[in-house]
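Worksheet: one structure, shown below.
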Amino acid sequence: MWLLTAQVIVYLLGTIKEIFMFLTCMETVTKELVSWMRGHESSVFSISVHASGRYAITSSSDTAQLWDLDTFQRKRKLNILQSVGIQKVFFLPLSNTILSCFKDNSVFAWECDTLFCKYQLPAPPESSSLLYKVFAVTRDGRILAAGGKSNHVHLWCLEAKQLFRIIQMPTKVRAVRHLEFLPDSFDAGSNQVLGVLSQDGIMRFVNIQTCKLLFEIGSLDDGITSSIISPHGRYIAAIMENGSLNIYSVHTLTKEINKPPPPLVKVIEDLPKRKVSSGDLKMKVTSGRVQRPAKSRENKMQTRILKQDLTGNFENKENELSDGLNKKRLQILLKGYGEYPTKYRMFIWRSLLQLPENHTAFSNLLDKGIHVAFLNLEKTYPIKSRKLLRVLQRTLSALAHWSTIFSDTPYLPLLAFPFVKLFQNNQLICFEVVATLIINWCQHWFEYFPNPPINVLSMIENVLAFHDKELLQHFIEHDITSQLYAWPLLETVFSEVLTREEWLKLFDNIFSNHPSFLLMTVVAYNICSRAPLLNCDLKDDFEYFFHHRNNLDISAVIKEVYRLMDTTPTDIHPDSMLDAFVALTKGQYPVFNQYPKFIVDYQTQERERIRKDELDYLRERQTVEDMQAEVDQQRVEDEAWYEKQEQLRKAEETRREMLLQEEEKMIQQRERLAAVKRELKVKEMHLQEAARRRLLQLQQEQREMELRRLDDEIERKIHMRDREIAATAKDLEMRHLELESQKRLYEKNLTRNQEAVAKEMREDADACRRKADLEEHMFHRLIGMDQTQNQKTQKLIEENLAKAEQACLNTDWHIQALHKQRCHDLHRNECYQEMAKLLRKNRRKEIEILNAMREREAEKREEAEEKDLHLKSEKKASTLSEASRKWFLEKEINDALHAQHACNKVVPRCYTERVASSCLPRNSELNGISAVESSTQSSLNQRKAYWDSMEPDLMARVRNLRQRLATQARNRCQTPHLLAT
């Protein structure tokens with residue numbers, strides 16, 4: 001059984017809202033999705049399924065669509081105007097008519113196959129006009145009930161296509177929300193009780209003929225929102241307003257339902273021929289005496305006995321049988337045309353087989369569910385169509401519940417399958433056709449159960465021996481028995497060897513003749529196939545021949561069957577051993593016990609015993625499997641644990657290898673870094689060597705230039721006496737250049753020393769410069785008092801002193817640079833050795849490295865202290881020399897002043913000149929010095945002012961140079977410590 005549901009899926013794309021409706025078809029037993037259908041754009045509020053189960057109609061507010069449930073494809077679509085709207089579209093029961101109800105109260109009837117409009121119901125009378133909202137139809141499809149926002153319920157006769165009654169509900173009813181007819185087991189589908197659910201939540205059940213209120217469910221306090229009645233009319237399920245679900249028993253609510261009708265011929269009233277008004281049709285619902293509409297004097301009511309309408313058009317010819325149809329006439333028709341018309345074949349078969357259509361009995365068989373023997377039918381017979389498999393499973397289960405032997409019959413699915421495929425949309429007819437076939441055409445088949453029917457096969461063999469001895473002798477010679485050439489055709493009722501059209505044509509003749517016709521068909525099939533059979537020699541060829549389709553004319557076979565039926569002697573004719581046709585009984589199906597009951601009972605007992613043993617075995621196996629599963633689970637857990645440990649071990653080894661690789665990479669990186677540092681150090685040493693060479697070259701060039709200058713000066717003083725003043729000025733300028741070159745040299749030397757040495761050298765240079773300026777000033781003051789020889793001597797002494805100081809400074813700088821380089825090399829060697837030891841040994845050696853570093857630091861400090869002491873001693877010596885030189889100069893100046901003062905007082909001018917000449921030896925040509933003294937003194941004052949203004953700028957440059965040198969020295973001192981760590 002399938003369940004159709006409607007689902008809404010909403011998609012939001014930007015600001016556009018799209019709604020897609022999906023119809024899903026679900027299997028009610030397995031709860032699996034069979035298919036889904038898409039086509040509606042608005043919500044579906046009504047689903048109606050055809051009685052055959054092949055078609056379904058879904059309705060929404062704007063369209064109605066007809067679906068084919070075999071292919072799950074849309075067959076037709078009904079589009080209407082948006083202003084009209086659809087109220088409901090549904091199938092009428094037991095017919096192919098579709099009823100469509102619109103919001104403008106128009107009702108149309110359509111043919112399902114062609115969608116041809118059959119009729120339209122007229123508009124209701126204006127005095128009782130209402131907009132239809134809800135509808136209900138009786139089970140026979142003859143009466144339509146419609147209601148809406150009113151207390152009136154309209155009853156339409158669909159056969160007469162007119163309104164025949166208006167039921168007025170009590171005044172408490174203002175609107176009708178739901179209508180549903182209550183089925184009755186004895187009304188043959190013409191339901192007489194109508195359930196009306198109103199707005200107050202009370203559902204009232206009214207007899208539409210007497211308009212009597214039979215009973216009601218629900219109350220004002222606990223109202224009903226929706227309800228549904230079971231197919232048999234025994235129970236009512238109602239959803240209450242509080243959310244609860246109540247199940248009511250109709251039998252306990254009223255005793256007027258499901259009563260057998262009186263054994264009288266039913267008489268109905270003809271509808272009046274004149275146009276009736278709503279007042280004539282209206283009847284009020286009462287709980288006491290029934291009120292009927294008033295009769296008019298002008299029209300008398302006529303009565304007649306209900307008869308079959310022989311001239312009317314049959315809407316469903318499968319459900320009705322004409323009295324003029326009999327077996328003799330059908331046989332004459334069959335012999336003339338060879339088969340029945342396709343359109344009327346099913347109707348003729350049902351007439352020939354006289355099917356009782358016992359709905360209740362068949363429903364009871366279906367209610368027992370799927371038989372145990374056919375639960376796994378799909379494994380034995382894998383059918384592609386799930387619907388066909390379900391119908392086959394239910395039909396076989398019904399046969400097994402009808403008679404026990406059919407649950408053990410192995411060929412029953414092969415026997416029933418062609419009929420199931422033919423009547424898959426009507427399971428009742430399918431079951432009764434198969435049951436009739438078993439009772440009549442399968443007589444004596446089960447007497448030798450579970451073996452094939454040897455008696456029936458003997459009949460076929462006797463007939464074949466009479467009509468074709470050669471073929472039978474051929475079968476005997478090749479050990480081919482009737483179980484091979486007759487039984488496969490019987491157990492499959494020729495469905496394996498014939499096509500659909502041939503099979504239908506054959507069974508037209510089988511159902512129209514005596515049950516022995518089926519056995520004669522087997523003989524005729526063999527006789528008509530004698531040529532290919534006589535050519536067969538192998539048993540496999542015979543088996544293949546009787547299980548596959550062959551190139552055989554079925555009309556010739558049927559003709560041969562009729563010939564055998566007429567020419568076979570009475571003593572071997574099967575009709576003498578088989579009973580005549582017997583139809584199924586009405587109401588209940590007959591008991592089928594034409595089989596060895598003791599064998600079936602024994603097999604049943606054995607099967608039950610085997611089932612119990614199998615259950616015990618399955619229970620024990622389940623226990624063993626559970627234990628095995630636990631053991632397997634434990635083993636899996638242990639294996640997982642061991643595997644996890646192995647993975648952890650491997651991961652640890654991987655991590656260890658990775659660490660070793662990283663350490664090797666680190667060592668290689670450090671080696672590369674050390675190599676780069678060595679290269680940088682070598683480059684630095686090369687650069688320092690180049691700078692030193694350039695500096696030495698520059699100093700040499702300066703010395704050579706100084707020597708040339710001195711030579712030029714001596715030559716100019718000897719050979720150019722008239723330019724003595726200019727030579728003196730140039731001498732002063734050259735002195736200034738010499739001082740500047742010495743200052744640049746000192747600055748270059750300071751840039752390559754440490755910060756403290758650079759600072760002290762600058763202080764010494766400044767002191768020397770000041771002292772030189774002072775001495776120069778003092779010497780200028782003594783120009784007039786000293787002789788030229790003393791001046792040259794003084795200059796030579798100053799030059800020698802400056803050269804000595806420069807040589808001393810250069811030597812100290814070289815000594816310090818070499819000492820630092822040696823210390824750095826030793827320190828690096830020690831650091832490299834310590835690093836190698838650290839890589840080879842444990843971390844405990846770090847303490848020794850620290851101790852070694854501390855000892856080295858202490859040695860450095862001691863060495864620095866020794867150098868500081870040496871520097872201090874040098875400073876003291878230089879200070880003492882400066883003090884002695886200053887004292888000597890001051891003494892000389894004082895003596896000269898005192899001598900000049902004494903000469904001015906006592907000694908005459910000539911004597912003064914002699915003293916001056918004696919004080920300046922080797923310079924006898926300074927007679928005009930007194931005239932030039934004033935100009936020389938002014939130029940010296942200008943030079944002094946210029947150097948005083950340049951002094952702050954030079955001091956600032958010196959400070960910046962000291963800071964850069966201190967930073968470089970600090971970086972060089974930190975680098976060995978970083979390498980050591």
Side-chain angles (χ1 to χ4, degrees), residues 9 11-12 24 26-27 30-34 36 375-376 378-379 382 613-685 823-860 970-981:
I9 299 179
Y11 295 95
L12 291 177
T24 58
M26 308 292 294
E27 171 61 44
T30 62
K31 300 180 182 179
E32 295 181 355
L33 177 64
V34 178
W36 62 275
L375 284 176
N376 298 323
E378 66 275 4
K379 296 181 180 179
D613 294 342
E614 186 178 359
L615 289 176
D616 295 338
Y617 167 73
L618 291 176
R619 194 179 300 108
E620 293 178 359
R621 190 177 70 177
Q622 184 64 30
T623 305
V624 173
E625 289 179 354
D626 293 341
M627 295 176 63
Q628 185 65 29
E630 292 179 358
V631 172
D632 295 341
Q633 182 67 23
Q634 186 66 31
R635 185 175 69 255
V636 169
E637 291 178 356
D638 293 342
E639 291 177 356
W641 186 81
Y642 285 121
E643 185 177 358
K644 186 175 181 180
Q645 294 298 322
E646 184 67 20
Q647 291 178 356
L648 290 175
R649 186 183 64 79
K650 291 181 179 179
E652 184 178 0
E653 292 179 356
T654 305
R655 296 296 187 277
R656 189 178 292 108
E657 292 177 358
M658 291 175 62
L659 288 175
L660 292 176
Q661 293 176 0
E662 291 296 329
E663 289 180 358
E664 291 179 358
K665 291 181 180 179
M666 185 63 71
I667 292 171
Q668 294 176 0
Q669 290 179 358
R670 288 179 179 176
E671 291 178 354
R672 288 195 296 268
L673 181 61
V676 171
K677 288 183 177 179
R678 283 195 298 272
E679 292 178 358
L680 292 176
K681 192 66 178 177
V682 170
K683 290 181 180 179
E684 183 180 359
M685 292 172 63
C823 292
H824 290 168
D825 292 338
L826 293 174
H827 189 64
R828 281 198 301 274
N829 292 331
E830 291 178 359
C831 290
Y832 290 156
Q833 292 176 3
E834 293 297 331
M835 287 172 64
K837 290 179 182 180
L838 286 174
L839 292 175
R840 289 191 301 266
K841 296 181 181 180
N842 298 327
R843 295 293 181 182
R844 291 177 296 177
K845 297 296 182 177
E846 293 180 358
I847 300 173
E848 297 178 3
I849 295 172
L850 295 175
N851 293 331
M853 290 174 64
R854 291 192 184 97
E855 291 177 359
R856 186 64 182 168
E857 186 178 0
E859 292 177 359
K860 284 284 185 179
R970 193 180 300 111
N971 292 334
R972 285 196 299 270
C973 292
Q974 289 179 358
T975 302
H977 294 286
L978 292 176
L979 292 173
T981 58

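In this text the structure is predicted, and so the values were computed from the model without any measurement.
Under the 4.5 Å side-chain criterion, counting only non-hydrogen atoms from C-beta, L615 is in contact with R619.
Here R621 contributes atom CZ and E614 contributes atom CD; the two are 8.0 Å apart, rounded to the nearest 0.5 Å. Distance check, rounded to the nearest 0.5 Å: CD of Q634 to CD of E630 gives 9.5 Å. Between atom CG of residue L659 and atom CE of residue M666 there is a gap of 11.0 Å, rounded to the nearest 0.5 Å. With values rounded to the nearest 0.5 angstrom, Q661 atom CD is found 7.5 Å from M658 atom CE. Atoms CD and CD, from E664 and E671 in turn, are 10.5 Å apart once rounded to the nearest 0.5 Å. Taking SG of C823 as the start and CD of E859 as the end, the distance is 9.5 Å to the nearest 0.5 Å.
Tested against R649, the residues E653, E652, Q645 include a single side chain to side chain donor-acceptor pair (under 3.5 Å) partner, E653.
Salt-bridge check for D638 with R635: failed, with every basic side-chain N at 4.0 Å or more from each acidic carboxylate O.
Under the side-chain hydrogen bond (donor to acceptor under 3.5 Å, both in side chains) criterion, R672 pairs with no residue at all, not counting sequence neighbours.
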Criterion side chain to side chain contact (heavy atoms under 4.5 Å, CB included) on Q622 and D626, from CA distance to verdict:
CA-CA 6 Å; Q622 184 64 30; D626 293 341; 3.0 Å; yes

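No hydrogens or angles considered: nothing links the side chains of N851 and E855 as a donor-acceptor pair under 3.5 Å.
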